[in-house]
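Reviewing the structure listed below.
Excluded from the calculations below are hydrogen atoms, water molecules and symmetry mates; all remaining heavy atoms, backbone and side chain alike, are included.
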Amino acid sequence: MKLNELHDNPGATKNRMRVGRGIGSGKGKTAGRGVKGQKARTGVSIKGFEGGQMPLHRRLPKRGFNNLYSTDLNEVNLGRVQQAVDAGRLDAAAVVTVETLVTAGVIARPRDGVKLLGVGELTAKLSFEVTRASKSAVEAVEKLGGTVSVAYGAGVSTRGKSAEA
């Protein structure tokens, strides 16, 4: 088979109907729109209109709100970090940051930061630089001689703000 021999299956494509091109076409004059009225005109947009009755989208009550100051954090357990260290994806001597966790494949993307949680067993002495950390996680890391520096301001939410902010 050659490139000039490629074609679709019969009936796979359909030619578009050219409307308003004379009475012999079957779609001339009003072009299938009927006669007069709002829908016969161009630029009509009456999707939610219900003949003057209050539309459904206005009858239903509004629920909740979007908090502009909420942060979308990655939750990382100590056991997951230890798995990455054991697999050789994380260097135990280096500081564990959001960037190192992304490159190690522990988290998929940075989002607004990382919260360190104390679930799982940690055996390596590590130092962390994270957005937030639970008390149990801090205790478990410091018990092994590691450090946890928490930067609350680092994970400021980008939701509802411009890209350069």
For the pair Q82 (side chain) and T123 (backbone), establish whether a donor and an acceptor sit closer than 3.5 Å, ignoring hydrogens and angles.
yes
Side chains of K29 and I23: closer than 4.5 Å at any heavy-atom pair?
no
Are F128 and V119 joined in one hydrophobic group, where the rule is that I, L, V, M, F, W and Y side chains link up if heavy atoms are under 4.5 Å apart?
no
So which atom in L144 and which in K125 form the shortest heavy-atom distance, rounded to 0.1 Å?
O-CG, 3.6 Å
Heavy-atom nearest pair, A133 first then V148, reads CB-CG1, 3.9 Å
Does any N or O in the side chain of S25 come within less than 3.5 Å of the main-chain N or O of K27, such that one atom is a donor and the other an acceptor?
yes
Working to the nearest 0.5 angstrom, can you tell me the gap between R89 CZ and D91 CG?
13.5 Å
Going from CZ on R109 to CG on N74, what distance comes out if it is rounded to the nearest 0.5 angstrom?
7.5 Å
So which heavy atom on G118 is nearest to which on S136, and how close?
CA-OG, 3.6 Å
More than 12 heavy atoms of other residues, nucleotides or ligands under 6.0 Å from CG of N15: yes or no?
no
Measure the CG-CZ distance between L90 and R80 for me, rounded to the nearest 0.5 Å.
10.0 Å
How many angstroms lie between CD in E50 and CZ in R58, if you round to the nearest 0.5 Å?
11.0 Å
Least distance between heavy atoms, S70 atom then N67 atom
OG-O, 3.2 Å
Tell me whether V102 is reachable from V96 by hopping between hydrophobic residues (I, L, V, M, F, W, Y) whose side-chain heavy atoms are closer than 4.5 Å.
yes
Please report the closest heavy-atom contact between R41 and K36, naming both atoms and the distance.
NH1-CA, 4.1 Å
Are there more than 12 heavy atoms of other residues, nucleotides or ligands under 6.0 Å from atom CG of D8?
yes
Correct closest heavy-atom pair for V19 and A31 would be CB-CB, 3.7 Å
Would a single hydrophobic cluster contain both V106 and V85, if residues Ile, Leu, Val, Met, Phe, Trp and Tyr are joined by side-chain heavy-atom contacts under 4.5 Å?
yes
Could you state the interatomic distance from CD1 (I107) to CD (E99), rounded to the nearest 0.5 Å?
8.5 Å
Hey, what do you get for CG (L101) to CD (E129), rounding to the nearest 0.5 Å?
11.5 Å
L116 and V138: side-chain contact (heavy atoms from CB on, under 4.5 Å), yes or no, with the steps?
CA-CA 8 Å; L116 192 64; V138 174; over 6 Å; no
D112 side chain reached by T131 side chain, heavy atoms, under 4.5 Å
no
In one Ile/Leu/Val/Met/Phe/Trp/Tyr side-chain cluster, 4.5 Å: V95, L78
no
